[in-house]
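Input: a single structure, listed below in structure tokens.
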Amino acid sequence: KPPILLVHGAWHGGWCWQRVSEHLAAKGHRVYAPSLSGLADRAHALNRQTNLSTHIADISELIRYESLRDLVLVGHSYGGMVITAVADRVPERLRAIVYVDAALPDAGESSLDQMLPERRERIVSGWAEQRRLSNVRLLLQTHGASLSLANRIVQKYDDRAALMVE
């Protein structure tokens, strides 16, 4: 049976696949459900360089390290961003790619591009209101935004956040 690698969304960790992993393992599959760098049990690895590229490397390197072939690669939510790029890097190792309520980006598209503008506005505005602008730039970049886009979005809220702190 083919090995299966499960990639979680941005607000989860590998733990979210536990019941699915147990079921698949009982059916005879080797199952991998790692947490991405900077998230869940790997939160200690979060730094200013952690971004979508980091998560793509996490999964690509796991595939290489474990010598996985004929692999079923599964992504949920933000995990769709990760598995799309991984599939481009190691297509010869994959049997199938499965998107479970996941982002399905076009070439060059970030997860922010996939959000409706109103939702993106609500999320970033919420961060500003909670005085978490120091984290906003990092989170935007983690979701694939360029530094210049992240800076433009954060700049929009800097004055408002400064007023709330005073």
Cluster link I83 to I4, ILVMFWY, side chain under 4.5 Å: no
Closest contact, heavy atoms only, G80 versus Y99: O-CE2, 3.7 Å
Residue list, ring-ring contact (aromatic ring centres under 6.0 Å, His included) with H76, at least two apart or on another chain: none
V90: side chain to side chain contact (heavy atoms under 4.5 Å, CB included) partners, not counting sequence neighbours: I63, R64, V86, E92, R93
Donor-acceptor list for residues 20-28 side chains, cut-off 3.5 Å, not counting sequence neighbours:
unit_1 : atom_1 : unit_2 : atom_2 : d
S21    : OG     : W17    : O      : 2.9
E22    : OE2    : Q18    : NE2    : 3.2

For L5, the option from V74, V31, I59 that meets side chain to side chain contact (heavy atoms under 4.5 Å, CB included): I59
Which residues share a side-chain hydrogen bond (donor to acceptor under 3.5 Å, both in side chains) with R42, sequence neighbours left out: S37
Residue list, side-chain hydrogen bond (donor to acceptor under 3.5 Å, both in side chains) with D41, at least two apart or on another chain: S35
Set of side-chain hydrogen bond (donor to acceptor under 3.5 Å, both in side chains) partners for S60, sequence neighbours left out: none
Those residues that, when tested against A87, pass side chain to side chain contact (heavy atoms under 4.5 Å, CB included) (two or more places apart): L94, I97
Where V7 and G79 come nearest, the two heavy atoms and their spacing: CG1-CA, 3.8 Å
Passing option when Y78 is tested against H55, H12, H8 for ring pair (Phe, Tyr, Trp, His ring centres under 6.0 Å): H55
S77 side-chain N/O to D101 backbone N/O, donor-acceptor pair under 3.5 Å: no
Same cluster (ILVMFWY, side-chain, under 4.5 Å), V82 and L104: yes
Over all atoms of both residues, closest heavy-atom pair of G13 and A40: CA-CB, 3.4 Å
Residues that R95 engages under salt bridge (charged side-chain N to carboxylate O under 4.0 Å, His left out), provided they are two or more places apart: D70
Residues in side chain to side chain contact (heavy atoms under 4.5 Å, CB included) contact with E66, at least two apart in sequence or another chain: Y32, L62, L68
Nearest non-hydrogen partners of G75 and A102, listed with the distance: O-CB, 3.3 Å
Non-hydrogen side-chain atoms of P2 and H29 separated by less than 4.5 Å: yes
